[in-house]
There are 2 protein chains.
Amino acid sequence: MDMKIIINTLKEKGYKITAQRKMIVSILIEQKDNLISAYFINEECNKRHEKANISTVYRNLDVLVESDLLHRFIDDDGNALYKLKCKDSHHHHLICTVCGKTEVINYCPLEKLQALSLEKSFILTHHKIELYGYCKKCTPQ
Amino acid sequence: MDMKIIINTLKEKGYKITAQRKMIVSILIEQKDNLISAYFINEECNKRHEKANISTVYRNLDVLVESDLLHRFIDDDGNALYKLKCKDSHHHHLICTVCGKTEVINYCPLEKLQALSLEKSFILTHHKIELYGYCKKCTPQ
DNA sequence: GTCAATGCAAATCCTTTGCAACTAA
DNA sequence: TTAGTTGCAAAGGATTTGCATTGAC
């Protein structure tokens with residue numbers, strides 16, 4: 001997902017394009033497959049000409065999530081991590097527990113899960129499949 | 001998992017059995033398949049003869065998680081929810097988003113996931129498969 | 001000009017910690 | 001006796017909010 005598509009989507013939804021908003025999006029684009037925190041984005045902002053307050057960062061991340069442009073993960077400590085969505089079909093992620101890098105897995109046992117849910121009289125609305133481990137770079141020798 | 005097994009496991013690990021500890025475990029047993037918060041447990045404690053401070057609740061939940069007796073979920077708001085483990089084989093959960101009730105799904109596409117991870121040179125250490133929806137009771141008409 | 005977005009400081013919520021007093025074994 | 005446990009109050013850390021000011025369109 002590139003800057004133009006994101007900006008256009010936001011404009012269509014009536015959001016204004018501010019310097020802070022563009023900067024936050026460009027940081028997310030740079031980090032593409034890496035899960036990053038609001039704090040990390042804020043630090044990156046501080047390194048640049050236009051700073052953005054941490055509450056501005058949070059507000060912008062909320063806008064992006066609500067606009068279905070951004071994926072919010074919650075880690076085991078309960079903290080939010082973010083990564084831009086790709087417009088691919090339904091998929092899940094491999095997540096490196098060392099560096100936060102993610103990779104897409106184009107596999108989902110949805111039919112099987114649906115069938116099992118029905119057996120239990122559960123109506124399935126959504127699901128989470130997350131695979132954790134070491135990416136190539138971070139694999140211990 | 002019943003009280004006796006839990007108490008014995010804790011004793012074996014050198015933990016003492018206090019009134020608060022027993023009360024917290026019995027509340028978890030009563031709620032069996034329901035995901036509950038530390039706050040909920042604290043409120044239940046307050047209704048009974050022996051109260052337990054919220055920090056005591058958290059400390060006891062930590063002990064139970066570390067002893068592999070308790071499952072800690074993190075919800076989409078980043079808050080922790082708990083439920084006693086069952087000693088069954090590897091499995092995943094259906095989770096009702098209304099009442100927190102869970103049901104065990106004895107299915108895991110582990111082989112497939114392992115194979116896909118290897119293709120990406122990822123070493124898989126653990127994974128999360130969580131199915132969300134409405135349980136029978138909470139299904140909207 | 002108007003309404004959304006920002007910065008700042010304060011507030012909130014959940015969770016953790018330090019420490020003195022207590023208690024199970 | 002003595003190490004683990006508790007209660008209390010205070011601290012922490014991530015996230016949110018109120019409000020006056022600013023800025024995009």
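First the proteins, then the strands, lettered A, B, ... as listed; each starts at 1.
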For [Y], is there any backbone N or O sitting under 3.5 Å from a side-chain donor or acceptor partner on [X]?
{"X": "A:Thr125", "Y": "B:Tyr132", "value": "yes"}
{"X": "A:Asn42", "Y": "A:Ala38", "value": "no"}
{"X": "B:Asp77", "Y": "B:Asn79", "value": "no"}
{"X": "B:Thr97", "Y": "B:Gly133", "value": "yes"}

Next on the checklist: Would you call the rings of B:His91 and B:His93 parallel, tilted or perpendicular, taking 30° and 60° as the class edges?
Outcome noted: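 Taking B:His93 first and then B:His91, their aromatic rings stand perpendicular (interplane angle over 60°).
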Checklist entry - In degrees rounded to 10°, what angle is found between the helical axes fit to the five outermost pairs at each end of the helix from C:dG1-D:dC25 to C:dA25-D:dT1? => result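 One end's axis against the other's: 40°.
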Calculate the interatomic distance between [X] atom [atom1] and [N] atom [atom2]; express it in whole Å.
{"X": "B:Lys11", "N": "D:dT5", "atom1": "NZ", "atom2": "P", "value": "13 Å"}
{"X": "A:Lys13", "N": "C:dA4", "atom1": "NZ", "atom2": "P", "value": "15 Å"}
{"X": "B:Asp77", "N": "D:dT16", "atom1": "CG", "atom2": "C1'", "value": "12 Å"}
{"X": "B:Asp76", "N": "D:dT15", "atom1": "CG", "atom2": "P", "value": "14 Å"}

Checklist entry - Out of A:His49, A:Glu44, A:Glu43, which residue meets the side chain to side chain donor-acceptor pair (under 3.5 Å) rule with A:Lys47? => result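 By the side chain to side chain donor-acceptor pair (under 3.5 Å) criterion, A:Lys47 pairs with just one of A:His49, A:Glu44, A:Glu43: A:Glu44.
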Nucleotide N/O to protein N/O under 3.5 Å, stretch nucleotides 1-3 of chain D:
| residue | atom | partner | partner atom | Å |
| --- | --- | --- | --- | --- |
| D:dA3 | N3 | B:Lys16 | NZ | 2.8 |

Checklist entry - Between B:Ala80 and B:Tyr15, which has a closest nucleotide on DNA chain C that is more 5'? => result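 So the residue in question is B:Ala80.
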Drop me the distance from [X]'s [atom1] to [Y]'s [atom2], to the nearest 0.5 angstrom.
{"X": "A:Leu94", "Y": "B:Phe122", "atom1": "CG", "atom2": "CZ", "answer": "5.0 Å"}
{"X": "B:His126", "Y": "A:Leu131", "atom1": "NE2", "atom2": "CG", "answer": "10.0 Å"}
{"X": "A:Tyr58", "Y": "A:Ile24", "atom1": "OH", "atom2": "CD1", "answer": "11.5 Å"}

Item to check | Smallest separation among heavy atoms of A:Leu124 and A:Ser117, with atom names | outcome: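 Shortest heavy-atom contact: CD1-OG, 3.3 Å.
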Item to check | Shortest non-hydrogen contact from A:Cys86 toward A:Lys83 | outcome: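 Shortest heavy-atom contact: SG-NZ, 4.5 Å.
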Next on the checklist: Does A:Tyr82 form a side-chain contact (heavy atoms from CB on, under 4.5 Å) with A:Val65? I'd like the steps, not just the answer.
Outcome noted: CA-CA 9 Å; A:Tyr82 302 86; A:Val65 169; 4.2 Å; yes
Protein-nucleotides 11-13 of chain C N/O pairs closer than 3.5 Å?
none

Next on the checklist: Could you walk me through whether B:Ile105 and B:Ile129 satisfy the side-chain contact (heavy atoms from CB on, under 4.5 Å) test, starting with their C-alpha distance in whole Å, then the side-chain angles of each, then the deciding distance to 0.1 Å, before giving a yes or no?
Outcome noted: CA-CA 10 Å; B:Ile105 286 279; B:Ile129 298 187; over 6 Å; no
Item to check | side-chain contact (heavy atoms from CB on, under 4.5 Å) between A:Lys101 and A:Asn34, intermediate numbers included | outcome: CA-CA 4 Å; A:Lys101 180 188 157 82; A:Asn34 294 325; 3.5 Å; yes
Checklist entry - For B:Asp68 and B:Lys13, what are the C-alpha separation, side-chain angles and deciding distance, and is it a salt bridge (Lys or Arg N to Asp or Glu O under 4.0 Å)? => result CA-CA 11 Å; B:Asp68 197 36; B:Lys13 291 184 175 259; over 6 Å; no
Checklist entry - Looking at residues at least two apart in the chain, or sitting in another chain, which of them share a side chain to side chain donor-acceptor pair (under 3.5 Å) with B:His90? => result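 Here the qualifying residues are B:His92, B:His127.
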Checklist entry - Out of D:dT15, C:dT15, C:dA25, which nucleotide sits closest to the side chain of B:Ala38? => result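 Closest of the options to the side chain of B:Ala38: C:dT15.
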Checklist entry - Does any residue of residues 17-34 of chain A have a heavy atom under 4.0 Å from DNA chain C, and if so, which ones, in number order? => result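 Those residues are A:Thr18, A:Gln20, A:Arg21.
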Checklist entry - In residues 39-72 of chain B, what residues come within less than 4.0 Å of DNA chain C, judged by heavy atoms? => result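 Of all residues in residues 39-72 of chain B, the ones placing a heavy atom under 4.0 Å from DNA chain C are B:Ser55, B:Tyr58, B:Arg59.
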